[in-house]
Amino acid sequence: MQTAPGAGPHRRGIVFPSYQRKIPTCQADGAREPPEAARNATTCANGLSPGPTVTDALKPLGAERQAAIYEELRRTVPRHRLGTATEMAKAAIYLASDESAYTVGTVLRVDGGIGELAY
C-alpha cells in the first residue's frame, strides 16, 4: 500500500495521514463497488487522525520528562494545547454513529491544526 499524498516533513518531525490510498471508500460484501452502487454499500471506510494527545503513554519517563515532552508538543500545535482522550473518543463515536451516515471516505483530523502545517 502507498501512503496518501500530503504526508511530509514538519519542522518537528514527519506528519503522516492515517489512511492508505488503496483502501476503497465503500464496499459491499468485500468487493469494490462502482460509484452508483456506493449508496447501497454495507461498509464505508472513514478514518480518525489524532494529533498530540495527553495519555499515560509517557508516564514511564517520569513526571519531569513527561511535562517537558508535552510542553514541546504544545508549542508545535496551532491551538497551543494537546488533545484529550475524550476529544478523540467523541470524534470516533461520531464516525461510528448514524449521525455520520453521509460521511464517506473521510479522514477526520482531530489534531488542533497540526495537520495543516504539513500541507
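What's counted below: heavy atoms across the whole structure, side chains too, no hydrogens, waters or symmetry copies. Numbers for residues simply follow the sequence, beginning at 1.
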- Query: Does Gly51 offer a backbone N or O that forms a donor-acceptor pair with the side chain of Thr53 under 3.5 Å?
  - Reply: yes
- Item | Linked, directly or transitively: Leu82 and Leu61 (ILVMFWY side chains, under 4.5 Å) | yes
- Task: Starting at OG1 of Thr103, measure out to OH of Tyr94 and round the result to the nearest 0.5 Å.
- Result: 3.0 Å
- Task: Please confirm whether the backbone N or O of Leu95 pairs with a side-chain atom of Ser100, one donor and one acceptor, at under 3.5 Å?
- Result: yes
- Item | Pairs meeting criterion salt bridge (Lys or Arg N to Asp or Glu O under 4.0 Å) with involvement of residues 45-67, two or more places apart | Asp56-Lys59
- Message: Can you tell me how far apart CG (Asp111) and CG (Leu117) are? Round to the nearest 0.5 Å.
- Response: 8.5 Å
- Note on the structure: For Arg81, the side chain to side chain donor-acceptor pair (under 3.5 Å) test, sequence neighbours excluded, returns Glu87
- Item | salt bridge (charged side-chain N to carboxylate O under 4.0 Å, His left out) partners for Arg74, two or more places apart | Glu71
- Report the C-alpha distance between Thr76 and Ile114 in whole Å, list the side-chain angles of each, state the deciding distance to 0.1 Å, and finish with yes or no for side chain to side chain contact (heavy atoms under 4.5 Å, CB included). CA-CA 7 Å; Thr76 68; Ile114 198 167; 3.6 Å; yes
- Query: Taking all non-hydrogen atoms of both residues, which atom of Leu58 and which atom of Tyr70 are closest, and how far apart?
  - Reply: CD1-CE2, 3.7 Å
- Same hydrophobic cluster for Val54 and Ile69, using side-chain heavy-atom links shorter than 4.5 Å among ILVMFWY? yes
- Message: Quick one, Thr106 and Asn46 - any side-chain contact, counting heavy atoms below 4.5 Å?
- Response: yes
